[in-house]
Number of protein chains: 4
Amino acid sequence: MAKDSRRVGGDGLKDRRQGLVEAAVRSIAECGFEGLRLRIVAADVGIDHSTVHHYFATKEDLVAAVLVYVTDQLTTTIPSENSPERRLRRHLDALAALMSERPQLFTVTAELDLRSRRDDRLRAKIELDEAGWRSALGALLRSGHESGAWAPGLDPIAGVELIIAVVKGARLSPSRAGVSLTQLSRLMIAADRFPATNPTAKRGD
Amino acid sequence: MAKDSRRVGGDGLKDRRQGLVEAAVRSIAECGFEGLRLRIVAADVGIDHSTVHHYFATKEDLVAAVLVYVTDQLTTTIPSENSPERRLRRHLDALAALMSERPQLFTVTAELDLRSRRDDRLRAKIELDEAGWRSALGALLRSGHESGAWAPGLDPIAGVELIIAVVKGARLSPSRAGVSLTQLSRLMIAADRFPATNPTAKRGD
Amino acid sequence: MAKDSRRVGGDGLKDRRQGLVEAAVRSIAECGFEGLRLRIVAADVGIDHSTVHHYFATKEDLVAAVLVYVTDQLTTTIPSENSPERRLRRHLDALAALMSERPQLFTVTAELDLRSRRDDRLRAKIELDEAGWRSALGALLRSGHESGAWAPGLDPIAGVELIIAVVKGARLSPSRAGVSLTQLSRLMIAADRFPATNPTAKRGD
Amino acid sequence: MAKDSRRVGGDGLKDRRQGLVEAAVRSIAECGFEGLRLRIVAADVGIDHSTVHHYFATKEDLVAAVLVYVTDQLTTTIPSENSPERRLRRHLDALAALMSERPQLFTVTAELDLRSRRDDRLRAKIELDEAGWRSALGALLRSGHESGAWAPGLDPIAGVELIIAVVKGARLSPSRAGVSLTQLSRLMIAADRFPATNPTAKRGD
DNA sequence: TATGAATGAGGCTTCATTCAT
DNA sequence: GATGAATGAAGCCTCATTCAT
């Protein structure tokens with residue numbers, strides 16, 4: 001639950017930096033940007049709060065590192081093999097799994113999204129990341145469109161926005177995220193392409 | 001654009017209170033809770049910052065009033081007449097319209113959602129509101145379920161969560177909210193119940 | 001020694017502001033800009049250090065007010081009546097008197113001079129003030145030049161710079177300032193225009 | 001412009017120490033004591049800031065070394081040959097030349113002068129140096145006094161203070177220092193001892 | 001000698017809040 | 001109700017200094 005990730009081999013040199021970023025993620029997840037305090041982050045990794053400035057000149061720099069970290073952790077490559085409907089389900093399932101495993105990452109993303117409204121640089125970076133996701137989703141939906149993988153009424157362009165909206169909305173309540181995302185893939189995929197098992201099951205094949 | 005409607009009785013005493021709440025809404029929409037400052041709110045309505053405390057004993061009280069205000073403005077009763085599919089579309093269309101007309105209200109809601117994670121009282125209130133919405137949506141989806149209004153695969157319970165997720169996600173980018181919500185209703189409503197021509201659809205195949 | 005100046009009638013409203021400026025002058029005189037601390041200035045007038053910001057938004061603003069105050073206190077109009085040589089002596093005598101009465105003012109001026117090298121705005125203001133002084137001195141020296149008031153070899157333009165240099169140098173050691181300035185006027189004024197009394201006396205007429 | 005001369009023995013070990021002192025001089029000249037930072041000084045010579053403490057245990061020690069350096073560089077022996085008036089002119093000309101060649105040295109001196117008001121040890125050292133200068137000037141003026149080298153009205157004792165004041169004042173604006181110092185020697189030296197044509201005089205009447 | 005990590009004191013500033021008028 | 005003055009806690013950041021390597 002804490003320190004939720006990779007110990008680098010040998011307690012390496014810049015572990016401290018990593019540790020600070022991870023502590024900041026925890027802190028943001030728990031208290032929001034509103035409650036992000038360098039002192040607390042520092043205490044979390046066990047150093048004096050002024051030492052934080054040894055690694056990050058400014059608080060904003062730490063936040064920038066948090067963005068990079070979170071983005072890095074969340075970048076899920078959409079699988080390229082298989083049929084479009086399968087790839088979509090895999091993608092959404094993977095996201096749902098991540099949400100339940102590491103909900104803090106998504107909370108922080110939501111905070112960043114909101115903060116990006118007032119921070120131009122942040123917005124630029126986030127939009128860049130989102131553009132990548134958007135185009136990947138676009139390609140997927142278009143390919144499925146050609147092969148008749150989708151439910152009638154699914155528009156490839158609008159579908160992208162729908163997926164993004166669901167993910168962004170679902171991340172706020174991880175406990176229900178799986179349900180929403182599963183339901184979404186159900187509705188997007190053509191009935192005859194969808195495995196005919198238990199309607200509420202998460203993984204049907 | 002500002003001071004949106006809702007005159008209380010006769011330009012009365014409580015207008016100032018209202019004004020403060022609305023100014024706070026603007027401020028939160030623009031700067032987040034992170035940047036909410038009583039001084040700025042006070043300046044926005046043209047009074048001294050210490051006078052704010054005559055209306056709201058504490059900053060948190062102002063925030064509470066903001067929640068009430070926003071909730072009040074956003075409470076859209078799901079139309080009760082007509083067929084389920086029509087009612088769903090009406091509801092989502094109404095939300096989309098509101099999002100483009102008064103995006104600040106939704107931004108503030110998103111901020112409140114995030115903040116409610118750290119504020120128990122806030123969470124309680126928000127969950128109460130959401131419970132009402134959830135049950136209304138549940139009733140709607142169940143009724144449509146019985147009458148075969150929905151697309152195959154739509155689960156009434158999961159569908160509620162999906163709708164909520166989409167709305168919560170869509171409110172972050174008002175310019176795309178319409179697209180997402182329209183796409184959602186398309187996918188939820190059974191193909192044969194959906195009007196053949198849809199003036200708001202971007203791409204009809 | 002402290003509070004060296006005019007009590008405004010009735011302990012007026014913005015006495016506090018004045019008091020802060022005067023405390024800052026004392027502090028700068030004693031500790032230099034290097035040692036100027038808002039906390040100390042605040043303590044000197046008996047208020048909390050954060051209250052200083054009620055009067056001066058920023059430390060720099062306080063320094064700006066100090067400049068204005070010092071400049072105001074130091075602006076000595078060169079007497080316009082009498083002969084040029086008498087006016088010069090009066091001016092230098094007045095400066096010498098001020099230096100011994102209120103040495104802090106001059107110390108602060110010296111600090112400001114030095115600081116103006118790194119602060120463009122400060123330099124601009126100081127140069128403006130100095131330009132006024134310089135031109136007044138120029139007019140005085142030119143008029144004496146025509147009437148043969150000065151010692152041979154005195155150049156009106158260079159003489160201005162010499163006077164300024166002496167004043168700036170003398171202010172650093174108030175105890176010797178009188179001697180330097182008297183000697184200066186002696187050397188500048190033609191021998192036959194200078195009263196034939198005791199050569200080291202400060203005031204010979 | 002930087003690294004002004006004075007190689008210690010064979011590029012030796014102490015070069016680093018020298019370099020630090022010179023960097024400190026530059027830094028003080030540019031930013032004042034107010035802005036003197038060990039980190040910047042260290043960066044200027046290309047070493048880590050904590051390494052500075054291997055050469056100077058404390059910041060104050062570095063400042064002390066700066067004083068020694070500056071004093072050393074500025075100690076100009078008053079020429080002992082020639083007539084008093086010539087020696088005076090040589091001395092003042094040499095100072096003027098130094099001011100235009102290495103203005104930083106004089107800026108630092110001015111800073112030190114101001115700082116010496118709050119630092120007893122510093123003041124003691126500076127007063128010692130000044131005492132040497134003062135007595136040398138005193139001897140010079142007395143000798144000229146006997147030989148009738150000076151303008152009427154020049155008092156040997158007061159003259160010393162005048163010279164010191166001019167030098168201290170002139171060093172603040174190197175571009176005008178030459179003018180002031182030349183004018184000073186003109187006024188101090190008896191008219192019949194002053195060369196009829198003076199190549200450096202701006203205006204010869 | 002040189003470094004990088006760490007510290008702790010202290011500085012300026014912000015801000016909600018209180019109080020007297 | 002309204003104001004301005006005042007407070008005190010807290011935040012970010014700076015910097016000289018120390019220490020282990």
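Because only heavy atoms are used, hydrogens play no part in the values below, and waters and symmetry mates are left out as well, while side chains stay in. Note that the coordinates shown come from a computational prediction; the quantities given were computed from them, not determined experimentally. Order of the sequence lines sets the chain letters (A, B, ...), proteins ahead of strands, with each chain counted from 1.
Pairing of dA2(F), defined by two Watson-Crick or G-U wobble distances under 3.5 Å, is identified with dT21(E). Pair check for dT14(F) finds dA9(E); Watson-Crick or G-U wobble, both atom distances under 3.5 Å.
Rounded to whole angstrom, the span from the CD1 atom of I47(C) across to the P atom of dA6(F) amounts to 6 Å. Rounded to an integer number of Å, the gap from CD1 of I40(C) to C1' of dG11(E) is 11 Å. F56(C) places its CZ atom 12 Å from the P atom of dA5(F), with the value rounded to the nearest Å. Atom pair D15(A):CG and dA6(E):P shows a separation of 11 Å (rounding to whole Å applied). Atom CZ in F33(D) sits about 16 Å away from atom P in dC15(F), given to the nearest Å. Spacing between atom NE2 of H53(C) and atom C1' of dA10(F) amounts to 13 Å, rounded to whole angstrom units. Across the protein-nucleic acid pair, E34(D) atom CD and dT14(F) atom P stand 16 Å apart, rounded to whole Å. As rounded to whole Å, 12 Å separates atom P of dA5(F) from atom CG of L20(C).
For H54(D) and dA2(E), the shortest distance from a side-chain N or O to OP1 or OP2 is not below 4.0 Å. Taking side-chain N and O atoms only, R16(C) has a distance below 4.0 Å to OP1 or OP2 of dA6(F).
If you check distances only, the side chain of H49(C) does reach the base of dT13(E) with a donor-acceptor pair under 3.5 Å. No N or O donor and acceptor, one from the side chain of T51(B) and one from the base of dG1(F), sit under 3.5 Å apart.
Summary of the strand contacts: D48(A) and L38(C) both lie near DNA chain E, and taking for each the nucleotide with the nearest heavy atom, the more 5' one is attributed to D48(A). Residues A57(A) and G46(B) both approach DNA chain F. Their nearest nucleotides, taken by heavy-atom distance, put G46(B) toward the 5′ side. Mapped onto DNA chain F by nearest heavy atom, L36(D) and T58(A) fall at different nucleotides, with T58(A) at the one closer to the 5' end.
Of the candidate nucleotides dT14(F), dG8(F), dT13(E), dT14(F) has the atom nearest to the side chain of S50(A). Closest contact between the side chain of K59(B) and the listed nucleotides dG4(E), dA16(E), dC15(F) involves dA16(E). Nearest to the side-chain atoms of R37(D) among the listed nucleotides dT7(F), dA16(F), dC13(F) stands dA16(F). Counting only heavy atoms from C-beta on, Y55(C) has its side chain closest to dA6(F) among dG1(F), dA6(F), dA2(E).
Between F33(C) and V63(C), the closest side-chain pair of non-hydrogen atoms falls below 4.5 Å. Side-chain contact check for D119(A) versus E60(A): some heavy-atom pair is nearer than 4.5 Å. Using a 4.5 Å cut-off on side-chain heavy atoms (C-beta onward), H53(D) and L38(D) make contact.
Using a 4.0 Å heavy-atom distance criterion, R39(B) is classed as a base contact.
Of the inter-residue distances, the one linking R37(A) atom CZ with C31(A) atom SG reads 8.5 Å to the nearest 0.5 angstrom. Between the CG atom of L122(A) and the CZ atom of R115(A) there is a distance of 7.0 Å, given to the nearest 0.5 Å.
Ion pair R118(B)/E111(A) flagged as a salt bridge, since at least one NZ, NE, NH1 or NH2 atom sits closer than 4.0 Å to an Asp/Glu carboxylate oxygen.
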